[in-house]
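Data first, discussion second: the structure below is written as structure tokens.
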Number of protein chains: 2
Amino acid sequence: MSQKATPDASRRSETARRAILTAALDLVGKVGYAKLTIEGIATAAGVGKQTIYRWWPSKGSILFDAFLSLTTDEQEGVLPDTGDLAADMKLVLRATVDELREPSYDLPMRALHTEIVHDPALAADYAQRLDEPMRELKRDRLRAAQRAGQVAEDVDLDVAIDLLFGPILNRWLQRTGPLTHEYVDQVVDTALRGLKP
Amino acid sequence: MSQKATPDASRRSETARRAILTAALDLVGKVGYAKLTIEGIATAAGVGKQTIYRWWPSKGSILFDAFLSLTTDEQEGVLPDTGDLAADMKLVLRATVDELREPSYDLPMRALHTEIVHDPALAADYAQRLDEPMRELKRDRLRAAQRAGQVAEDVDLDVAIDLLFGPILNRWLQRTGPLTHEYVDQVVDTALRGLKP
DNA sequence: GCGACGAGACGAGACGTTCCGTCTTGACAG
DNA sequence: CTGTCAAGACGGAACGTCTCGTCTCGTCGC
């Protein structure tokens, strides 16, 4: 009764794993998401198709792991805190839009986003392993601002984060307008200052 | 030198057009976006594949037209204006999240969103024909609020709109949290009130 | 008027291609 | 030996193109 032949992770080839992840990231930046194929990844990585299917259930999870291996390398740990909340948030968000304007970041990010939008399981994984750690850093920074009296005590920090990042991510995805530093500054200023006169 | 054989729109069959659009909308709600195929749409609509390929360049543009035919039917023209900006925005956004929670709306919307994310031409079309008309209504409502002294004069209305709608759309797409009326209220209150104490 | 005519969209589906996900093979490493 | 590896054959699904024969039209000679 050979059921599913659960793979033996202890025997897994690290070389093949890395080759697959880098090839996936490389290809999606070159040919775009629509033309990204498993067979293409296998060929580019010099790997058999079965080696991919043995370890990943979907194209999305490959991209996800590829991103995870990237971001965990360059994890900074904290957001800047100069005491000036507006300036700090502008710095972070300007850096974000700069990244999003590079095709080598833009294309893979859009691809990953698409998989997340359509795959709730992957979305949960993303929320837990990529979004939540970043969100915690943002919460920390906003909490410090609360202690400094720059943000009201009764503000929900998750809502505040969504207010700062949501508009930028939305404009990026839907291309409803140019993703400039000026726009970032306006969002930060308006979000922090509020709409009331 | 017969180049491309541009089809003659005056001879176009309205019956076939409507059948294709309704079948597309119907199918994406049933089988989901990943399993939506041109051949499936053609069969469901009782239409030849070539009739689809003659008039639409991509699966995304079919969905787009299908949505356009829906929304132009039920266009209201104005956003509610009771004088209470927060209450009016909550009403609109609560209705939006209610729609997004229905699978018959959720799935097609996600599908269309995905196509927009990956197709700049479609994104431009979307921005012009669906987003911009809605955005104009929102601007009108916010302008009225400015005249009533409820919103600062120097606030960029497009930024204000992004601040109100961006967080909700983002949470919907990425499923980073529950899409409740409570969340909507928090976003509206925080966006309008501002983060400052 | 009217009836043959030509242009072009239509439904149907065959066609070659690409990619899918599975399966088989032989090499090789633990 | 056992299980992963690279390589690639395999059947199936959907792609986009194409070729049929049918069906509407508007045009024009009569």
Side-chain angles (χ1 to χ4, degrees), chain A residues 1-24 26-28 30-65 111 114-115 118-119 121-122, chain B residues 1-24 26-28 30-65 111 114-115 118-119 121-122:
Chain A
M1 54 157 284
S2 64
Q3 275 291 71
K4 205 55 173 297
T6 319
D8 182 348
S10 70
R11 296 201 169 196
R12 184 170 185 179
S13 160
E14 179 64 13
T15 312
R17 192 188 134 269
R18 299 181 77 93
I20 289 164
L21 295 184
T22 55
D26 206 54
L27 274 179
V28 80
K30 272 180 194 159
V31 305
Y33 173 67
K35 301 206 165 186
L36 179 69
T37 67
I38 302 274
E39 289 186 336
I41 296 172
T43 304
V47 142
K49 281 168 64 177
Q50 190 57 39
T51 303
I52 295 182
Y53 283 108
R54 179 152 37 228
W55 300 109
W56 286 277
S58 69
K59 210 161 66 180
S61 61
I62 302 174
L63 277 172
F64 180 78
D65 278 5
T114 294
E115 295 288 348
H118 287 94
D119 184 346
L122 194 63
Chain B
M1 51 159 283
S2 65
Q3 277 289 75
K4 206 53 172 299
T6 317
D8 182 348
S10 69
R11 296 197 163 211
R12 185 168 184 180
S13 159
E14 179 65 14
T15 312
R17 193 187 133 269
R18 298 182 79 92
I20 289 164
L21 294 184
T22 55
D26 206 55
L27 274 179
V28 80
K30 272 182 194 159
V31 305
Y33 174 67
K35 302 205 164 185
L36 180 69
T37 66
I38 302 274
E39 289 187 337
I41 297 172
T43 304
V47 143
K49 282 167 63 176
Q50 191 58 36
T51 303
I52 296 182
Y53 284 109
R54 178 153 37 226
W55 299 110
W56 287 277
S58 70
K59 209 162 65 179
S61 60
I62 303 174
L63 277 171
F64 178 79
D65 278 5
T114 294
E115 295 288 347
H118 288 94
D119 183 345
L122 193 63

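Below, chains carry the letters A, B, ... as their sequence lines are ordered, and counting in each starts from 1. Bear in mind the structure is a predicted one, so any value in this text is a computation, not a measurement.
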Rounded to the Å, how far apart are [X] [atom1] and [N] [atom2]?
X       : N      : atom1 : atom2 : value
A:Ile20 : D:dT4  : CD1   : P     : 14 Å
B:Lys59 : D:dA14 : NZ    : P     : 10 Å
B:Arg12 : C:dA7  : CZ    : C1'   : 18 Å
A:Glu14 : C:dG30 : CD    : P     : 14 Å

How long is the straight-line distance from [atom2] of [Y] back to [atom1] of [X], given to the nearest 0.5 Å?
X       : Y        : atom1 : atom2 : value
B:Ile62 : B:Leu36  : CD1   : CG    : 7.5 Å
B:Lys59 : B:Thr114 : NZ    : OG1   : 10.0 Å
A:Ile41 : A:Leu63  : CD1   : CG    : 6.5 Å
A:Leu27 : A:Thr22  : CG    : OG1   : 9.5 Å
A:Tyr33 : B:His118 : OH    : NE2   : 6.5 Å
B:Trp56 : B:Thr51  : CH2   : OG1   : 9.0 Å

Got a donor-acceptor pair under 3.5 Å from the side chain of A:Arg54 to the base of D:dT4?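 Between D:dT4 and A:Arg54, which were checked side chain against base, a qualifying N/O pair under 3.5 Å is absent.
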Tell me if the side-chain of A:Arg11 makes a donor-acceptor pair with the base of C:dA29, cut-off 3.5 Å, by modelled atom types.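 In this structure, the two groups form no donor-acceptor pair.
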So, OP1 or OP2 of [N]: does either fall under 4.0 Å of a side-chain N or O from [X]?
X       : N      : value
A:Ser13 : D:dT4  : no
A:Trp55 : D:dC5  : yes
B:Thr51 : C:dG11 : yes

Under a 4.0 Å heavy-atom cut-off, which of residues 31-42 of chain B touch DNA chain D?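 Nucleic-acid contacts, sorted: B:Thr37, B:Ile38, B:Glu39.
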Think A:Arg12 forms a cation-pi with A:Trp55, using NZ or CZ under 6.0 Å from the six-ring centre and within 45 degrees of its axis?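 Verdict for A:Trp55: a cation-pi partner in A:Arg12.
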Distance-minimising heavy-atom pair for A:Ser13 and A:Ala16: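 Shortest heavy-atom separation between A:Ser13 and A:Ala16 comes out as OG-N, 3.0 Å.
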Nearest heavy-atom neighbours spanning A:Ala45 and A:Ala19: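 It is CB-O, 3.5 Å.
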Polar atoms only, N or O, under 3.5 Å: list the protein pairs with nucleotides 22-26 of chain C and their distances.
| unit_1 | atom_1 | unit_2 | atom_2 | d |
| --- | --- | --- | --- | --- |
| C:dC23 | N4 | A:Gln50 | OE1 | 2.6 |

